[in-house]
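A quick write-up on the structure given underneath.
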2 protein chains.
Amino acid sequence: MEKLTVLVVDDEKEIRDAIEIYLQNEGVEVIKAKDGMEALERIKQTEVHLIILDVMMPKLDGIAATYKIRVEKNIPIIMLSAKNEDTDKILGLQVGADDYVTKPFNPMELVARVKSQLRRYVSFGTYEDKQKVIDLHGLTVDIHAKAVAVNGESIKLTPIEYKIVELLSSHAGRVFSIHEIYEKVWKEPCYNAENTVAVHIRKIREKIEVDAKNPRYVKVVWGLGYKMEK
Amino acid sequence: MEKLTVLVVDDEKEIRDAIEIYLQNEGVEVIKAKDGMEALERIKQTEVHLIILDVMMPKLDGIAATYKIRVEKNIPIIMLSAKNEDTDKILGLQVGADDYVTKPFNPMELVARVKSQLRRYVSFGTYEDKQKVIDLHGLTVDIHAKAVAVNGESIKLTPIEYKIVELLSSHAGRVFSIHEIYEKVWKEPCYNAENTVAVHIRKIREKIEVDAKNPRYVKVVWGLGYKMEK
DNA sequence: AAAAAATATTAAGAAAGTTTTAAGAATTAA
DNA sequence: TTAATTCTTAAAACTTTCTTAATATTTTTT
């Protein structure tokens, strides 16, 4: 199985480093963040499979961070809290963490919990590591390799083209408005950029369609947007 | 089997010598160091198969030493700690060890733990039986030896270069964005460090590619990141 | 059928991303 | 300590991609 990545979020460097060593020994990839804000950035940029989060942190505490993370992704979260902190309260709040460990903790126990959560997540969870390749009538999109092929023949797309194809393909059949496409791909508000998207669609068709004038894959839904044929 | 070597690190001479005698009786080679600094030097000079390390030491304490040792090699570490020392502190310091023994200890018990760890290490541990070697069209990455070779010829990489090669190679074909590479290798958020990664990529190519301008191994995927050719 | 609205096409200049060098900082070895 | 290696930063050259704007085409509405 592919290496899994755990994000460790704690404001104390010693704790971050300690946890890192333990987890690395178990063969998981570790990345670190020192507060909730930083954690949010990291999960946007890197694929993370589990988060270990201290409850008490500057910037964005564990509970608030959990909340925001859940909006983005549904990956397991293990919370760390000092024993003297109001554990009952934390538990009672049903913050949405999948497990809790109180500090000071036995390292082996934390490792065990991490492995248990990862096992659950991988085996039956929201996680599909299975190559992540979308296939639609001969159009193939490999999410990890960021590679597209038509009938086995690989197609060279530019970054924006690729992102559009990935977006449409991973929700084949669903119609995306030009605004939606722009916002999801560029990650900024769309303002007078409709034509820009259209030009990219044109280029994509040029590359993946047999006949760009009669597209089989990227279809327009007049007045509403574009979709990838399911 | 060849004779195995154990490094004993403790600031008290009596303890070092006592352990030495017990272990020599069991037929293992013993070398000694009186603090973490000295231990690091020894490891570089001699091939060591296990380390016995006191938690409390001058110069470089147990955890700091463990951390540094782990970066270099993944050999088993047994930690010694006094019972009367502040438990919480010890808990933190013990991090990263494979086993713990509290002082005063029963010599036979320590010997037993040493043998057990060595057995694990040698038989199926990190030693060399578990040959994790990645081979990609002549590029060879030995994960445990942290060694890279091209067509049998060994290549000398710096630590960061090695980590990047390992990351890309162990997921050959998968595209890693510069941010992802930075975060996974440096273990900290990437901001404005894109060019740093690029320079390292350059250096890597200089070393492992026949023609750095036309790389066969480390390929760029324009606008998305880098990948190792599968 | 004509007008209006939405989408398609084209090409050239602008922008963004990558590669490469080199020099100075920082780290590590001796 | 000094020396050597490794890492980071900055700048420039270079490559690829994106955007813009003007125009054409298609579809819908009137």
Side-chain angles (χ1 to χ4, degrees), chain A residues 146 155-165 175-182 185-188 190-209 211-215 217-227, chain B residues 36-45 59-60 64-65 67-69 71-72 146 155-165 175-182 185-209 211-215 217-227:
Chain A
K146 309 235 178 285
I155 305 283
K156 198 181 160 214
L157 296 180
T158 70
I160 289 186
E161 285 160 17
Y162 172 79
K163 286 178 193 162
I164 293 176
V165 169
V175 178
F176 290 83
S177 76
I178 286 185
H179 275 79
E180 221 174 338
I181 292 173
Y182 192 89
V185 169
W186 276 257
K187 301 205 193 298
E188 53 184 75
C190 172
Y191 171 83
N192 282 6
E194 291 81 2
N195 185 236
T196 304
V197 174
V199 172
H200 285 292
I201 294 285
R202 172 73 196 12
K203 291 285 191 183
I204 291 169
R205 282 176 174 158
E206 211 167 57
K207 291 177 179 178
I208 70 173
E209 302 285 359
D211 174 13
K213 310 262 177 182
N214 285 58
Y217 296 120
V218 181
K219 295 270 180 76
V220 64
V221 181
W222 206 273
L224 295 177
Y226 298 94
K227 70 169 181 182
Chain B
M37 286 300 202
E38 220 177 279
L40 283 175
E41 282 172 30
R42 294 311 179 69
I43 291 168
K44 275 170 200 157
Q45 288 158 357
K59 289 276 180 73
L60 195 68
Y67 191 81
K68 296 213 168 194
I69 291 165
V71 173
E72 299 274 337
K146 295 187 199 274
I155 304 282
K156 198 186 161 210
L157 296 180
T158 70
I160 289 185
E161 285 161 14
Y162 173 78
K163 283 182 200 160
I164 294 176
V165 169
V175 176
F176 290 84
S177 75
I178 288 184
H179 275 81
E180 227 169 332
I181 293 174
Y182 192 89
V185 169
W186 277 257
K187 315 272 181 207
E188 51 184 74
C190 170
Y191 69 0
N192 288 7
E194 291 81 1
N195 187 236
T196 303
V197 175
V199 172
H200 284 290
I201 294 285
R202 174 79 201 356
K203 293 285 190 182
I204 291 169
R205 283 176 173 158
E206 217 165 53
K207 292 178 179 179
I208 71 174
E209 302 284 358
D211 174 13
K213 310 260 177 181
N214 287 59
Y217 297 119
V218 181
K219 295 272 180 76
V220 65
V221 179
W222 204 276
L224 296 175
Y226 296 95
K227 70 171 179 182

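Since the structure is predicted, the reported quantities are computational estimates derived from the model, not experimental observations.
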Are W186(B) and dC7(D) close enough that a side-chain N or O sits under 4.0 Å from OP1 or OP2?
no
Over the length of the helix from dA1(C)-dT30(D) to dA30(C)-dT1(D), how much do the five-pair end axes diverge, rounded to 10 degrees?
40°
For L157(A) and N192(A), find the nucleotide of DNA chain D closest to each by heavy atoms; which residue's nucleotide sits nearer the 5' end?
L157(A)
Residue pair V175(B) / E180(B): nearest heavy atoms and the distance that separates them:
O-OE1, 4.2 Å
In whole angstroms, how far is the C1' atom of dA16(C) from the CD atom of E161(A)?
15 Å
Sequence neighbours left out, what passes ring-ring contact (aromatic ring centres under 6.0 Å, His included) with Y182(B)? Give chain and number order.
W186(B)
Given DNA chain C, 5'-ward residue of the pair L224(A) and N195(B), judged by closest heavy atom
L224(A)
Report the nucleotide, chosen from dC18(D), dT19(D), dT17(D), that has the shortest atom-to-atom distance to any side-chain atom of K156(A).
dT17(D)
Considering only heavy side-chain atoms of V220(A), the closest of dT19(C), dA8(C), dC18(D) is dA8(C)
Residues from residues 199-206 of chain B sitting under 4.0 Å of DNA chain C, heavy atoms only?
V199(B), R202(B), R205(B)
Could you state the CD-P distance from E194(A) to dA5(C), rounded to the nearest angstrom?
15 Å
Gap between atom NZ of K163(B) and atom OG1 of T158(B) - 0.5 Å precision:
9.5 Å
CD of E41(B) versus C1' of dT28(C): gap in Å, rounded?
12 Å
When you measure from the side chain of E209(A) to the backbone of N214(A), do you find a donor-acceptor pair of N or O atoms at a distance under 3.5 Å?
no
Write down the distance between NZ (K213(B)) and P (dT16(D)), rounded to a whole number of angstrom.
13 Å
Closest listed nucleotide, where the reference is the side chain of I160(B) and the choices are dT20(C), dT20(D), dC7(D):
dC7(D)
Give me the atom names and distance for the closest heavy-atom approach of L224(B) to Y162(A).
CD1-CD2, 4.0 Å
Would you list the atom pairs, donor with acceptor, under 3.5 Å between side chains in residues 197-207 of chain B and any protein atom, with sequence neighbours excluded?
| residue | atom | partner | partner atom | Å |
| --- | --- | --- | --- | --- |
| R202(B) | NH1 | E206(B) | OE2 | 2.5 |
| R202(B) | NH2 | E206(B) | OE2 | 3.2 |
| R205(B) | NE | V218(B) | O | 3.1 |
| R205(B) | NH2 | V218(B) | O | 3.0 |
| K207(B) | NZ | K156(B) | O | 3.1 |
| K207(B) | NZ | E161(B) | OE1 | 2.7 |

Should T158(B) be listed as having a side-chain N or O under 4.0 Å from OP1 or OP2 of dT5(D)?
no
I178(A) CD1 to dA5(C) P, in whole Å, measures 16 Å
For residues I178(B) and Y226(B), report the shortest heavy-atom separation together with the two atoms involved.
CG1-CE1, 3.8 Å
Letter per nucleotide, 5' to 3', of nucleotides 25-30 of chain D [B base touched, S only sugar-phosphate touched, - untouched; heavy atoms, 4.0 Å]:
-BSS--
Holding to ring-ring contact (aromatic ring centres under 6.0 Å, His included), I want the full list of residues that pass it with F176(A), two or more places apart in sequence or in another chain.
H171(A)
About how many Å separate CG of L157(B) and CD1 of I208(B), when rounded to the nearest 0.5 Å?
7.5 Å
If I compare all heavy atoms of P159(A) with all of G223(B), which pair ends up nearest, and what's the gap?
CG-CA, 3.6 Å
Where the side chain of Y182(A) is concerned, which of dT20(D), dC7(D), dT19(D) is the nearest nucleotide?
dT19(D)
Check this one for me: any side-chain N or O of Y162(B) less than 4.0 Å away from OP1 or OP2 of dT6(D)?
no
Calculate the interatomic distance between K227(B) atom NZ and dT18(C) atom P; express it in whole Å.
14 Å
Can you measure K187(A) atom NZ to dA16(C) atom P for me and round it to whole angstrom units?
17 Å
Between dT27(C) (P) and L40(B) (CG): distance, integer Å
17 Å
